[in-house]
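A quick write-up on the structure given underneath.
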Amino acid sequence: MHKFTCEYTLILMRSASLNQSLLKWYDRHARRLPWRVSPEDRKLGEIPDPYRIWLSEVMLQQTTVAAVKDYFEKFTNAWPSVEDLAAADEEDVMKAWAGLGYYSRARNLKKCADTVARDHGGRFPEAEDALLKLPGIGPYTAAAIATIAFDRHAAVVDGNVERVLTRLTQIETPLPEAKSQIRDVMATLTPHDRPGDFAQAVMDLGATICTPKRPACGLCPWMSDCKVQNSSLAEALPRKAPKKEKPTRYGAAFVAVDRESGAILLRRRPPKGLLGGMTEVPGTDWSEAFDVSGAQEHVPFPSEWRICAGVVKHTFTHFHLRLTVLRAYAPQDILRMVEGTWWSPPAALDEEALPTVMRKVLSAALD
DNA sequence: CATCCGTGGGA
DNA sequence: TTCCCAAGGAT
């Protein structure tokens with residue numbers, strides 16, 4: 001059991017009033033999003049499409065709305081239903097996902113579509129625990145789909161909810177220890193009528209008003225109930241463990257250009273781990289020791305490799321990367337083709353499953 | 001529970 | 001420039 005402060009209990013006793021005031025705010029301020037059924041359309045009887053809810057929620061994992069919008073459009077145009085996605089080639093899915101990051105999401109997205117099509121007759125299960133069993137669907141996404149798509153009562157807890165509720169009830173316990181307490185508060189606050197709209201309302205509140213920096217407390221529908229309203233304490237919550245420093249890794253990347261066609265030599269990365277299954281140009285390992293001269297051992301073929309101006313700098317989740325780019329011109333037949341490598345003509349380059357760091361490499365080599 | 005896993009935009 | 005972090009999941 002958690003220790004409940006007096007004020008904290010008071011908040012929970014007022015949950016009926018709190019969720020009504022927030023839903024009222026949501027009716028007027030809900031963001032228009034491509035995958036969302038607006039409150040007024042919902043009242044007119046429009047039902048959300050579980051496929052679109054699922055797709056958007058997976059794309060939104062650790063990713064901003066602005067970054068997701070074009071990808072959501074691309075995916076729903078190419079694959080309008082979960083059956084369409086199940087019938088797609090995984091390689092085409094990876095190509096469409098390229099640039100959005102966290103590529104295991106794309107592989108699990110495809111696996112999940114396959115499972116839903118094969119084992120569930122093309123319909124997503126409605127229960128939270130059944131959704132949780134599907135690939136790429138964790139506690140947050142299972143609750144979000146259950147409540148937004150199927151109107152089930154579920155405690156949706158994401159980063160926004162954590163921020164809003166730790167502030168509202170002044171939970172000073174640092175994350176991740178506070179997670180279970182936050183989930184309890186959310187479960188209590190969530191109404192049985194319009195639970196999905198309520199979840200989206202808390203997330204919208206966190207995204208637009210109760211922001212990490214400089215929250216707009218004066219515009220908040222929960223201001224009068226909030227324990228830290230207009231206080232410097234608001235920005236300090238939720239409390240988190242200090243993060244580790246990112247090391248810097250170094251490496252070299254080889255851009256081989258066919259003089260005739262301009263085709264570029266590419267290869268596939270291993271299926272798991274960093275950038276798993278994505279496409280790259282040949283290169284060295286990325287190590288913490290800077291050693292460009294050692295790169296010569298890794299060239300795809302002997303040639304006059306020239307160092308390109310401008311070291312490519314890129315930051316991943318847990319390290320910084322500095323890549324020295326080398327370029328050489330060579331006919332395609334100079335290379336005894338290795339399994340998993342191919343020459344990609346310039347017109348096809350945009351469609352390759354190239355992660356952003358590799359597009360930076362090509363830009364440094366070719367511009 | 002800790003670690004690994006991308007990216008782009010804002011302060 | 002550098003740092004922060006955004007609708008997390010898998011292992």
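Chain A is the first sequence line, chain B the second, and so forth, proteins listed ahead of strands; every chain is numbered from 1. No hydrogens, no waters, no symmetry mates; every other heavy atom, side chains included, goes into these values.
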So the ring-ring contact (aromatic ring centres under 6.0 Å, His included) pairs with at least one residue in residues 25-49 of chain A (sequence neighbours excluded) are A:Trp25-A:His29, A:Trp35-A:Phe72

Worksheet item: Can you check whether A:Leu366 reaches A:Ile264 side chain to side chain, under 4.5 Å on heavy atoms?
Response: yes

Ranking A:Asp204 and A:Lys272 by the position along DNA chain C of their nearest nucleotide, the one closer to 5' is A:Asp204

Item to check | Any side-chain heavy-atom pair of A:Arg31 and A:Val65 under 4.5 Å | outcome: yes

Between the protein and nucleotides 8-11 of chain B, are there any N/O to N/O pairs under 3.5 Å, and if so, what are the atom names and distances?
unit_1, atom_1, unit_2, atom_2, d
B:dG8, OP1, A:Thr356, OG1, 3.3

Rounded to whole Å, the CZ-P distance (A:Arg107 to C:dA10) equals 12 Å

ask   = So, do A:Leu85 and A:Asp114 sit near enough that their side-chain heavy atoms are less than 4.5 Å apart?
value = no

A:Glu177 and A:Lys179 ion-paired at < 4.0 Å
no

With rounding to whole Å, what would you report as the distance between C:dT11 and B:dG6 at their P atoms? 14 Å

- Message: Can you tell me whether the side chain of A:Thr63 and the base of B:dG6 have a donor-acceptor pair closer than 3.5 Å?
- Response: yes

**Prompt:** Between A:Tyr51 and A:Trp79, is the gap from one ring center to the other below 6.0 Å?
**Reply:** no

Here the distance between atom P of B:dC4 and atom CG of A:Leu275, to the nearest Å, is 15 Å

Checking A:Glu280, A:Glu90, A:Glu91 against A:Arg268 for salt bridge (charged side-chain N to carboxylate O under 4.0 Å, His left out), the one that qualifies is A:Glu91

Quiz item: Does the side chain of A:Pro300 come within less than 4.5 Å of A:Leu265's, by heavy atoms?
Solution: yes

Atom CZ of A:Arg249 and atom C1' of B:dG6 are separated, to the nearest Å, by 14 Å

Residues joined to A:Val228 in its hydrophobic cluster, side chain to side chain under 4.5 Å directly or through other members, sorted by chain and number, are A:Leu233, A:Leu237

Per atom distances to the A:Asn108 side chain, the nearest of C:dA10, B:dG6, B:dT3 is C:dA10

Look at all strands and tell whether A:Arg359 reaches a base, only sugar-phosphate, or nothing, counting heavy atoms closer than 4.0 Å.
nothing

Here the distance between atom P of C:dG8 and atom CZ of A:Arg183, to the nearest Å, is 17 Å

query: OP1 or OP2 of C:dA6 sitting under 4.0 Å from any side-chain N/O of A:Tyr102?
result: no

Expected list for residues 138-152 of chain A near DNA chain C, using heavy atoms below 4.0 Å, is A:Gly138, A:Pro139, A:Tyr140, A:Thr141

>> Can you classify the ring geometry of A:Trp305 versus A:Phe301 as parallel (below 30°), tilted (30 to 60°) or perpendicular (above 60°)?
In response: tilted

(message) By the 4.0 Å heavy-atom rule, please label A:Lys313 as base, sugar-phosphate, or nothing.
(response) sugar-phosphate

note: A:Lys111, atom NZ; C:dA10, atom P; distance rounded to Å ~ 9 Å

Ranking C:dA6, B:dC4, B:dT7 by distance to the side chain of A:Pro355, first place goes to B:dT7

Contacts of A:Leu274 and A:Lys244 projected onto DNA chain B by closest heavy atom; the upstream (5') one is A:Lys244

Here the residues of residues 20-35 of chain A within 4.0 Å heavy-atom distance, strictly under, of DNA chain B are none

Atom CG of A:Leu132 and atom P of C:dG8 are separated, to the nearest Å, by 16 Å

Ordered by number, residues from residues 53-61 of chain A within less than 4.0 Å of DNA chain C (heavy atoms) are A:Glu57, A:Leu60, A:Gln61

Requested in this report: Check whether any side-chain heavy atom of A:Leu168 lies under 4.5 Å from a side-chain heavy atom of A:Lys227, and answer yes or no.
Outcome: no

Separation of C:dA6 atom P from A:Glu162 atom CD, nearest Å, is 10 Å

Between A:Arg163 and A:Gly136, whichever has its closest DNA chain C nucleotide further toward 5' is A:Arg163

From the candidates B:dC4, B:dT7, C:dA6, the one with an atom nearest any side-chain atom of A:His318 is B:dC4

| request: Step by step, work out the side-chain hydrogen bond (donor to acceptor under 3.5 Å, both in side chains) result for A:Gln61 and A:Arg105. | output: CA-CA 9 Å; A:Gln61 289 165 6; A:Arg105 290 186 297 172; 4.9 Å; no

From NZ of A:Lys133 across to P of C:dA10 the rounded distance in Å is 13 Å

Please say whether the positively charged group of A:Arg267, taken as NZ for Lys or CZ for Arg, lies over the ring of A:Trp343, i.e. under 6.0 angstrom from the six-membered ring centre and within 45 degrees of the axis. no

Side-chain contact test, heavy atoms from C-beta onward, threshold under 4.5 Å: evaluate it for A:Leu165 versus A:Met186 and give yes or no. yes

Is the distance between the ring centroids of A:Phe316 and A:His318 less than 6.0 Å?
no

query: Hey, does A:Ile137 reach any base, or is it just sugar-phosphate, or nothing, if we go heavy atoms under 4.0 Å?
result: sugar-phosphate

Please tell me if A:Arg105 has a side-chain N or O lying less than 4.0 Å from either OP1 or OP2 of C:dA10. no

